[in-house]
There are 2 protein chains.
Amino acid sequence: MKEKELRRSLAVLPIGTVMRLTNLSARQIRYYEEQQLVTPKRNEGNRRMYSLNDIDRLLEIRDFLDEGINMAGIKHIYDEKARKEAQKKAQLEKPLTDRDVRKILRDEFMSVSGLVREDEVSFKHNKNF
Amino acid sequence: MKEKELRRSLAVLPIGTVMRLTNLSARQIRYYEEQQLVTPKRNEGNRRMYSLNDIDRLLEIRDFLDEGINMAGIKHIYDEKARKEAQKKAQLEKPLTDRDVRKILRDEFMSVSGLVREDEVSFKHNKNF
DNA sequence: TAAATCATGTAAGAAAAAGTGACATTGAAT
DNA sequence: ATTCAATGTCACTTTTTCTTACATGATTTA
């Protein structure tokens, strides 16, 4: 299903359409870009062009904001996501060591939000888990 | 899968995007509309807005033209298609009579292009088939 | 072959959409 | 009360799109 992936990442929508589809103002959409939460392409005439993936991202941002999360928080979420993606991809290159497997397992546990409080660092730092 | 149907019929693309996606000139795209081969929506500012279905239609038109079929021919093809769609929908309302079933079967045969020559009208008109 | 028609190109002028940059506003946190 | 984050608004410019009209090359038709 590489085809679908491609279609969803095609930058074909002007900002006017994105406004209607997301119920966001042009100001908001451009501001989120300024905050590096979305990175639309530009056409030859310097007009922003968005993909369906961009739309999804913007809808998600809108939801996060509605939940009361601020820009910094959202930025953090996406940075984390990108970091994990990159790491996962890197792992696929090299075979996993036992140590890697344990680390991944541990990370999975840690990312179950709310299970562990921020100040419970001892467990977090126990490399022998 | 009504969801997908909806997405494909959403008018979200400006003509510039359609040009890039189809490799057709604005002039061509507008001309095909003039010939009623496509019927894009308009936004509040009177700009043409196209759906993914419209894109498919335009690509198909381009292929027909490449095959040497002219506007009238293409128009005929789509008129036929629309006619059959309408008929099929109408049939779904009422239960089918035996006669209807035979007619549908016959039409199916007739629409297998090339099987029957244009001048072989006797078979075509034999209502007892 | 001359004339008409088809499909497309092109140009002009107007209107709409989108760009940037600056300043204003509002609500929440300090 | 001040600051800051998120958004609104305005001014001015560039790009895109619209419509209308006329031009052109390739086919059809008379």
Side-chain angles (χ1 to χ4, degrees), chain A residues 10-55 57-79 118, chain B residues 10-55 57-79 118:
Chain A
L10 263 188
V12 292
L13 307 170
I15 201 170
T17 293
V18 177
M19 291 172 64
R20 281 182 278 128
L21 257 35
T22 62
N23 263 324
L24 293 168
S25 68
R27 184 67 168 91
Q28 288 174 299
I29 297 170
R30 296 197 192 105
Y31 182 65
Y32 304 155
E33 177 182 357
E34 196 179 312
Q35 302 296 314
Q36 325 217 35
L37 298 185
V38 275
T39 52
K41 295 280 187 303
R42 298 285 184 127
N43 70 4
E44 321 75 51
N46 197 38
R47 260 68 235 193
R48 291 173 177 82
M49 299 301 287
Y50 298 83
S51 70
L52 290 180
N53 282 332
D54 290 330
I55 298 280
R57 169 68 65 110
L58 286 168
L59 290 173
E60 197 175 36
I61 292 171
R62 208 190 52 180
D63 288 346
F64 283 147
L65 288 173
D66 285 350
E67 289 178 42
I69 305 176
N70 64 7
M71 290 289 113
I74 299 175
K75 212 176 303 187
H76 183 261
I77 291 170
Y78 289 134
D79 285 352
E118 211 52 73
Chain B
L10 262 189
V12 292
L13 307 170
I15 200 170
T17 293
V18 177
M19 291 172 64
R20 281 183 277 126
L21 257 34
T22 61
N23 264 324
L24 293 169
S25 69
R27 183 67 168 91
Q28 289 174 299
I29 297 169
R30 296 197 192 105
Y31 182 65
Y32 304 155
E33 177 183 356
E34 196 178 312
Q35 301 298 313
Q36 325 217 33
L37 299 185
V38 275
T39 52
K41 294 280 186 305
R42 298 285 183 125
N43 69 6
E44 321 75 52
N46 198 37
R47 261 67 233 192
R48 290 171 178 83
M49 300 300 289
Y50 297 83
S51 70
L52 290 179
N53 282 333
D54 290 330
I55 299 281
R57 168 69 64 111
L58 286 168
L59 290 172
E60 198 176 35
I61 292 171
R62 207 190 52 181
D63 288 346
F64 283 145
L65 287 173
D66 286 349
E67 288 179 44
I69 305 176
N70 64 9
M71 289 291 113
I74 300 175
K75 212 175 304 186
H76 182 260
I77 291 170
Y78 288 134
D79 284 354
E118 211 53 72

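Proteins come first, then strands; the chains are lettered A, B, ... in the order of their sequence lines, and each starts at number 1.
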List in numerical order all residues of residues 16-45 of chain B for which some heavy atom is under 4.0 Å away from an atom belonging to DNA chain D. B:Gly16, B:Arg30, B:Arg42
Using 0.5 Å steps for rounding, measure from the CD1 atom of A:Ile61 to the CG atom of A:Asp54. 9.5 Å
Backbone of B:Pro14 reached by a side-chain donor or acceptor of B:Arg47 within 3.5 Å: no
Are the side chains of A:Val18 and A:Leu24 in contact, using a 4.5 Å heavy-atom criterion? no
So, using salt bridge (Lys or Arg N to Asp or Glu O under 4.0 Å) as the criterion, who are the partners of A:Arg48 when residues are at least two apart? A:Glu33
Just wondering, do B:Leu52 and B:Leu13 contact through their side chains at under 4.5 Å, heavy atoms? yes
Presence of B:Arg48 side-chain N/O under 4.0 Å of D:dT19 phosphate oxygens OP1/OP2: yes
Residue pair B:Thr17 / A:Met49, side-chain heavy-atom distance below 4.5 Å: yes
Of B:Ile29, B:Leu21, B:Val12, the one forming a side chain to side chain contact (heavy atoms under 4.5 Å, CB included) with B:Tyr50 is B:Ile29
To the nearest 0.5 Å, tell me how far B:Leu37 CG sits from B:Ile74 CD1. 6.0 Å
Interface residues of residues 59-73 of chain B with DNA chain D (non-hydrogen, below 4.0 angstrom): none
Using atom CZ of B:Arg47 as one end and atom P of C:dA18 as the other, report the distance to the nearest whole Å. 10 Å
For A:Ile15 and C:dA17, give me the distance from atom CD1 to atom P, rounded to whole Å. 13 Å
Report the distance from atom CG of B:Asn46 to atom C1' of D:dT16, rounded to the nearest whole Å. 14 Å
